[in-house]
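Written below as structure tokens is the structure these notes are about.
Order of the sequence lines fixes the chain letters, A, B, ..., with proteins taken first and strands second; residue numbering starts at 1 for each chain.
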2 protein chains.
Amino acid sequence: MSGGNIEDVILFQIDKTSKISKKYSQKEFDRINLGITIDQWVLLKIIEETAPISQKELADKSLRDPASITRTLDILEKKQLLLREPILNNRRQYNIILTSNGAKFVKNNIAMIKEHRKKSLEGFSKKEKELLKNLLLKIQKNMS
Amino acid sequence: MSGGNIEDVILFQIDKTSKISKKYSQKEFDRINLGITIDQWVLLKIIEETAPISQKELADKSLRDPASITRTLDILEKKQLLLREPILNNRRQYNIILTSNGAKFVKNNIAMIKEHRKKSLEGFSKKEKELLKNLLLKIQKNMS
DNA sequence: AATTTATTATTGATATATCAATAATAAATT
DNA sequence: AATTTATTATTGATATATCAATAATAAATT
């Protein structure tokens, strides 16, 4: 036997936690016919927070491939939630910004998202939340 | 403004940590031409630990879709790492087991994997590891 | 200023994921 | 025992992810 049980592996539990929480939220998204995925929501939220932002920056922040960002932005642009704004004197990048529709969309749904976040941390003390975050950041540092 | 920064969201950091660690290990897998993906490794490890196991159980344990398991097992079967063993008096399920080749494969590479796990938790006390695991399990419970 | 190098976004090829429908059949109910 | 229901694995359709190659062009170097 090569020893151990995969359920005891922290990295496995991290991935599992991520999957469970994504499924939870996606189910809710679908239930109310939100029309987007969790990962699309994350992009919208990043844009809302840091617009104007380039696609490269979006890829970095969300840890996704630039090619994947290109295609996801196509979808969200078609849904009129964001747009690629040309930059004067820079024809290599775009400024990605929310449309007013997109801003409204985020505003209308942020409360529901916050409920999910809250539910995920039910029974956590402030100290535990801080600690958890710091431990996660430490792992990220270790693997970078 | 809808407030807050997505970097402060624990669920976001959990997903980020998962992605970073997977990329780290996958890069190493590719470097030594291991010929499988992280998620394929996880299946092999689960099988090693709990064989004989059904595809349904594999899907549950790995939090993946049964259809995805079917296809991944096809790949791993083609690589001669595992096989679908027919069950007497039960023609609806298979017993999934490692081939001797597959068992050897796991044995040969478990040390490298353990190194990655160790690296991910560099600087963690035993108490911190326990705590982190428990906090993750708590989130999973909250979202189930 | 002209040339070289690096960066950004896109596209095609390919791999992987999920959902819905289906076939086979085991388990439960009548 | 016959019928109904539930479960398991598979397949097709579709969505999404990544890698490699490419075009456009900004930035750095000569």
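Comparing dT25(D), dA9(D), dA9(C) by their nearest atom to the side chain of Arg91(A) picks out dT25(D). The side chain of Ala67(A) lies closest to dT11(C), out of dA26(C), dT10(D), dT11(C). Nearest nucleotide to the Gln93(B) side chain, out of dT8(D), dT18(C), dA26(C): dT8(D).
Counting to the nearest Å, the P atom of dA15(C) and the CG atom of Asp39(B) are 16 Å from each other. Distance CD1 (Ile38(B)) to P (dA17(C)): 12 Å, rounded to an integer number of Å. Rounded to a whole Å, the CD1 atom of Ile87(A) is 10 Å from the P atom of dA27(D). Distance, Arg64(B) CZ to dA9(D) P: 14 Å, rounded to whole Å. Put simply, NZ on Lys56(A) is 14 Å from P on dT10(C), counting in whole angstrom units. Rounded to an integer number of Å, the gap from CG of Asp30(B) to C1' of dA20(D) is 14 Å. Between Lys19(B) atom NZ and dA17(D) atom P the separation is 8 Å, expressed in whole Å. Here dA15(D) presents its C1' atom at 12 Å from CD of Gln26(A), a figure rounded to the nearest Å.
Taking 3.5 Å as the limit, the base of dT18(D) and the side chain of Arg71(A) contain a donor-acceptor pair of atoms between them.
Applying the 4.0 Å criterion to OP1 and OP2 of dT7(C), one finds that Gln55(A) has every side-chain N and O outside that range. Between dT10(C) and Thr70(A), a contact under 4.0 Å exists linking OP1 or OP2 to a side-chain N or O. Proximity of Ser68(A) to the phosphate of dT16(D): no side-chain N or O atom is located under 4.0 Å from OP1 or OP2.
Residue contacts shown for Gln40(B) are limited to sugar-phosphate atoms, with no base heavy atom under 4.0 Å away. Counting non-hydrogen atoms under 4.0 angstrom, Arg92(B) reaches a base of the nucleic acid. Nucleic acid contact class of Ile75(B) (heavy atoms, under 4.0 Å, all strands): sugar-phosphate only.
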(request) Decide yes or no on side-chain hydrogen bond (donor to acceptor under 3.5 Å, both in side chains) for Glu7(B) and Gln13(B), but give the supporting numbers first. (result) CA-CA 7 Å; Glu7(B) 296 281 340; Gln13(B) 291 299 342; 3.1 Å; yes
(request) List the steps and the verdict of side chain to side chain contact (heavy atoms under 4.5 Å, CB included) for Leu136(B) and Ile14(B). (result) CA-CA 9 Å; Leu136(B) 290 170; Ile14(B) 289 174; 4.2 Å; yes
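Nearest heavy atoms, Ser144(A) versus Ile20(B): OG-CG2, 4.2 Å.
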(message) Let me check I have this right: for DNA chain D, each base becomes ., (, ), [, ] or |, based on Watson-Crick or G-U pairs with both distances under 3.5 Å. What is the full string?
(response) ||||||||||||||||||||||||||||||
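Comparing Thr37(A) and Arg84(B) against DNA chain D, the residue whose closest nucleotide sits nearer the 5' end is Arg84(B).
Taking the charged nitrogens against the carboxylate oxygens, Glu130(A) and Lys127(A) have no contact shorter than 4.0 Å, which rules out a salt bridge. A salt bridge is absent between Asp39(A) and Arg64(A); no separation between the charged side-chain nitrogens and carboxylate oxygens falls under 4.0 Å. Under the 4.0 Å criterion applied to side-chain N and carboxylate O atoms, Arg84(B) and Asp74(B) are assigned as salt-bridge partners. A salt bridge does not link Lys129(B) to Asp8(A): none of the charged nitrogens lies less than 4.0 Å from a carboxylate oxygen.
Between Trp41(A) and Phe29(A), the ring-plane angle classifies as perpendicular under the 30° and 60° cut-offs.
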